[in-house]
Protein chains: 2
Amino acid sequence: MHITDAERKIMECLWQNHPATSTELGESLESATGWRQGTVKALLNRLLNKGAIEAERVGRGYRYSPAVSREHCVSEASQRFLARWFDGRLAPLVAHLSDHRQINRQELEEIKALIEELEDES
Amino acid sequence: MHITDAERKIMECLWQNHPATSTELGESLESATGWRQGTVKALLNRLLNKGAIEAERVGRGYRYSPAVSREHCVSEASQRFLARWFDGRLAPLVAHLSDHRQINRQELEEIKALIEELEDES
DNA sequence: GGCTTGGGTTTACGTCTGTAATCGAATTCA
DNA sequence: TGAATTCGATTACAGACGTAAACCCAAGCC
């Protein structure tokens with residue numbers, strides 16, 4: 001299941017709020033991205049074809065819902081990204097970001113606290 | 001500067017070992033990816049056009065070298081990835097991977113040690 | 001029953017990607 | 001010097017992507 005970036009925007013809407021009609025989605029996305037309704041509809045169909053969303057007929061139209069979780073997509077994207085650039089590991093990413101001043105002290109602190117918490121609870 | 005995945009494979013070769021002739025690259029990549037020489041050459045030209053590599057004429061052929069550092073590309077790719085999925089932040093990625101058992105105890109330990117080291121040295 | 005209208009479906013189209021064949025120039029070999 | 005080989009440049013082409021216009025159908029309105 002590979003979600004493209006335009007498709008991801010649709011999914012973000014649906015993950016946040018579902019089921020939703022194409023009109024609702026169209027309105028959200030028109031203001032957020034400037035896409036026309038037809039664009040949204042076409043993307044919905046691509047997502048349907050690849051099984052990323054489900055449609056349930058309600059009267060004249062459909063209600064769309066995600067068929068894959070955000071968690072699942074995030075996992076796939078993370079694995080792909082880490083595999084490509086960091087040999088599948090996370091530590092080198094942390095090192096890289098900190099070497100290049102792309103992460104601040106506070107966030108590092110937050111991560112450390114998070115790790116400690118994870119260790120405690122297990 | 002957006003490097004596609006096929007292009008990235010060429011770049012990885014060049015970052016590791018440059019300058020290199022297209023024949024050398026072709027040989028490395030043929031065994032690693034199964035690409036024909038022509039494929040490699042076409043990708044080299046795309047990379048030249050987008051300024052990601054440089055070519056220096058040597059006799060009949062060229063020597064290619066990276067014009068952008070791996071570091072730079074990694075930074076860009078990391079920013080893009082984190083922005084897409086984690087609101088640009090790293091901590092939620094750590095949380096996600098650990099929640100989904102996609103990172104082991106040992107690597108978390110390694111990251112914690114890394115952070116402590118960074119704090120000490122500054 | 002025709003006309004409008006709010007969906008939905010199909011088709012389109014330019015760009016990007018991955019992969020390669022083809023063409024052309026240069027070099028080498030007979 | 002003509003043929004064969006090498007290497008690079010150009011062109012190709014199918015599939016994915018972003019974006020949208022065109023078309024079609026059911027439901028309500030006059």
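Chain naming here is simple, since letters A, B, ... match the order of the sequence lines and numbering starts at 1 in each.
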For [X] and [N], give me the distance from atom [atom1] to atom [atom2], rounded to whole Å.
X	N	atom1	atom2	result
A:E24	C:dG6	CD	P	16 Å
B:R60	D:dA9	CZ	P	15 Å
B:E7	C:dT17	CD	C1'	8 Å
B:Q37	D:dT5	CD	P	16 Å
A:W35	D:dA21	CH2	P	15 Å
A:E30	C:dG7	CD	P	13 Å

Row check, A:W85 ring normal vs A:R80 NZ/CZ: under 6.0 Å, within 45°: no
Between A:R36 and B:Y64, which is nearer to the 5' end of DNA chain D once each is assigned its nearest nucleotide? B:Y64
Closest listed nucleotide, where the reference is the side chain of [X] and the choices are [options]:
X	options	result
A:R46	D:dG8, C:dT27, D:dG18	D:dG18
A:N45	C:dT9, C:dT17, D:dC7	C:dT9
B:Y62	C:dA20, D:dG18, D:dA9	D:dA9

Hey, is the side chain of [X] poking within less than 4.0 Å of OP1 or OP2 on [N], counting only N and O atoms?
X	N	value
B:H2	C:dC16	no
A:K41	C:dT9	yes
B:T23	D:dT6	no
B:T4	C:dC16	no

Over all strands shown, is [X] touching base, sugar-phosphate only, or nothing at heavy-atom distances under 4.0 angstrom?
X	result
B:D5	sugar-phosphate
B:S22	sugar-phosphate
A:T21	nothing
B:T39	base

DNA chain C: B:K50 or A:R57, which has the more 5' nearest nucleotide? A:R57
Please check: side-chain N/O of [X] versus main-chain N/O of [Y], any donor-acceptor pairing under 3.5 Å?
X	Y	value
A:E24	A:T21	yes
B:W35	B:A6	no
B:E56	B:Y62	no

So, B:S75 and A:Q102: side-chain donor and acceptor under 3.5 Å apart, yes or no? yes
